[in-house]
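Since the structure comes first, as structure tokens, the remarks are kept for the end.
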Amino acid sequence: MAFLNSIASFIGAVTPSITKPDAMWHVLILNVFGWIKDYGWSIVVFTVLLKLVLSPLDFFQRYKMHKNQRITERLKPTMEKIQKQYGDDKQAFQQKQMELNRKEGYSYFSACLPMIVTLVVFITLWLSMQTVARYMMLRSYTQLYDAFDVAVTEINTVLDEKSELSADDKFEISRSFGQDVAYKLYYDGLDDKFIAELCAEYETKHGLGKIDAAAIGKIKNKDKVQASFLWIENIWLPDVPWNNSIQDWSNFKTSIDDYYKTGTNGLKGDKRNCLNETTYKNVMGKLLKNSDSHTNGFLILPVLVVLLSVGSQLLTTLQQKRAGQVNAKGGMATGMKVMMVIMPIMMAIFAIQYASIFTVYMVTNTATTLIFNVLFTNVIKLADKRKRSRNYGISTGSPRTITYKQSPIIHYVKGANPDAGKKPEATTTTQGSGAGEKAGGKKAKKSKTTTVTYQRSGRPDPNDLMGLDLSKDRTKKK
């Protein structure tokens with residue numbers, strides 16, 4: 001069991017502490033691409049680079065599918081005879097088909113191996129990205145809590161000198177001051193100018209003494225907390241219009257999942273007290289008040305996921321049919337049709353229920369897969385075309401006359417000979433063994449040599465070429 005747990009931890013299936021996820025995918029997502037400030041674009045770059053690393057497997061899959069297609073085309077006449085022979089006995093036909101395919105080198109598993117690897121990567125990344133999203137949700141809140149706590153502590157020092165104010169008034173002023181700091185930190189980030197202006201505003205508005213702006217300026221993390229991407233307000237939440245970018249306490253507690261439990265979130269000291277409803281509302285009060293006008297998304301990513309998934313399924317099915325991996329009327333064809341419906345639905349469920357960071361990955365991965373698919377398929381077809389052209393010979397520009405002493409492979413130029421398709425013509429020539437007559441008045445011996453002229457403009461038919469009988473004497477003499 002310990003071995004399985006170590007593997008799960010390595011692939012990112014175990015929820016880490018708030019201190020920082022340190023499994024493989026977590027490190028790649030959070031650390032390697034840390035130089036990209038926008039988390040959405042970092043996922044795009046991460047996905048493209050990951051696809052490049054896995055591209056040899058994709059190329060291998062396309063190559064095997066193309067090879068299977070060539071085998072299927074070559075065996076098509078034989079398969080039609082077998083199908084007629086067995087009639088409605090589908091089981092016997094499929095058995096014979098598999099036997100013949102195995103003899104010809106048809107590969108079933110090798111073309112599916114890259115798909116298995118892709119599925120493993122998909123599942124482990126899904127688990128890891130959900131962990132990252134929970135971690136970042138809690139981390140974002142704790143950053144706001146730290147800034148709120150520092151701001152409230154400093155203004156309370158000044159409020160203690162205002163004896164004419166009631167405890168409730170002091171509490172409201174300090175809480176409002178802390179919420180203003182948290183609000184600014186979330187959307188824009190803090191700077192010394194804003195802190196000085198905010199302190200001056202509260203000093204004037206409430207008749208307070210000098211607030212220590214320098215102490216507030218020592219807040220550790222002053223960069224913008226919000227993780228937006230294009231139209232998405234919060235990338236750690238789904239791209240849907242019915243969710244606000246700022247969650248209420250109930251949804252926030254659910255979104256951070258196990259991080260809410262004491263002992264698993266890594267929070268120490270006073271920070272442990274921040275995970276309760278009262279403190280959460282105090283820190284996030286102004287953000288929650290203005291969240292109604294901040295919907296998190298517009299379902300753009302889920303729609304893109306569904307469209308790209310359908311396109312990918314259609315292209316893959318077409319290629320598999322051409323490669324002979326799917327019988328148009330067989331059970332596999334029915335299974336493929338079912339998958340074409342189920343897979344887009346599954347992708348849509350993932351997109352509307354889980355963090356947008358994973359939806360960005362799905363969209364980028366599917367788009368790059370389609371591009372690589374078309375690119376690799378064209379490269380393989382071009383290589384195959386050149387290979388077949390090289391095997392059939394190089395053009396010479398004119399019909400050639402050969403004897404049996406020459407190779408039966410004909411060099412040709414497509415379209416160079418207007419008499420293309422004509423049957424080979426045999427001619428007989430008589431040659432003497434020497435000039436004039438030999439000494440003694442005897443006539444020189446003559447020999448007959450049969451030559452065959454092939455005239456073609458396109459690719460020669462291998463059946464015609466291989467039908468040439470080479471078992472007889474190559475030169476006949478009389």
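Remember, predicted model here, so these are calculated numbers, not experimental data. One-based numbering along the sequence shown.
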Output side-chain donor-acceptor pairs under 3.5 Å for residues 343-357, partner residues at least two apart or in another chain, one line each.
| unit_1 | atom_1 | unit_2 | atom_2 | d |
| --- | --- | --- | --- | --- |
| Ser356 | OG | Leu237 | O | 2.5 |
| Ser356 | OG | Asp239 | N | 3.1 |

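A distance of 7.5 Å separates CG of Leu198 from CD1 of Ile211, quoted to the nearest 0.5 Å. The line from CG of Asp192 to NZ of Lys218 is 11.5 Å long, rounded to the nearest 0.5 Å. Separation of atoms CD1 (Ile235) and OH (Tyr39) is listed at 10.0 Å; rounding is to 0.5 Å. Atom CD1 of Ile219 and atom CZ of Phe148 lie 11.5 Å apart (nearest 0.5 Å). Within the model, atoms CG of Leu138 and OG of Ser255 stand 9.0 Å from one another, a figure rounded to the nearest 0.5 Å.
For Lys224 and Asp188, the salt-bridge test fails: no basic side-chain N is under 4.0 Å from an acidic carboxylate O. No salt bridge links Arg134 with Asp258; every basic N to acidic carboxylate O contact stays at or beyond 4.0 Å.
Using modelled atom types and a 3.5 Å distance limit, the side chains of Asp180 and Tyr202 yield a donor-acceptor pair. Remark: the Asn282 side chain and the Thr279 side chain contain no N/O donor-acceptor pair separated by less than 3.5 Å.
Using the six-membered ring where Trp is involved, Phe229 and Trp41 have ring planes that are perpendicular, over 60° apart on the 30 and 60° scheme. Ring geometry, Tyr361 versus Phe122: the interplanar angle falls from 30° to 60°, so the pair is classed tilted.
The main-chain N or O of His26 is never found under 3.5 Å from a side-chain atom of Tyr135 such that the two would form a donor-acceptor pair. For the pair Asn244 (side chain) and Gln247 (backbone), a donor-acceptor distance under 3.5 Å is absent.
Under the ring-ring contact (aromatic ring centres under 6.0 Å, His included) criterion, Trp249 pairs with Tyr260, Tyr280, sequence neighbours left out. By the salt bridge (Lys or Arg N to Asp or Glu O under 4.0 Å) test, Glu197 pairs with no residue at all, sequence neighbours left out.
You'll find the ring centres of Tyr183 and Tyr186 outside the 6.0 Å limit.
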key: side-chain contact (heavy atoms from CB on, under 4.5 Å) between Leu308 and Leu370, worked out   = CA-CA 8 Å; Leu308 289 171; Leu370 284 171; 3.9 Å; yes

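With respect to Ile246, the side chain to side chain contact (heavy atoms under 4.5 Å, CB included) criterion is satisfied by exactly one of Lys289, Met284, Lys286: Met284.
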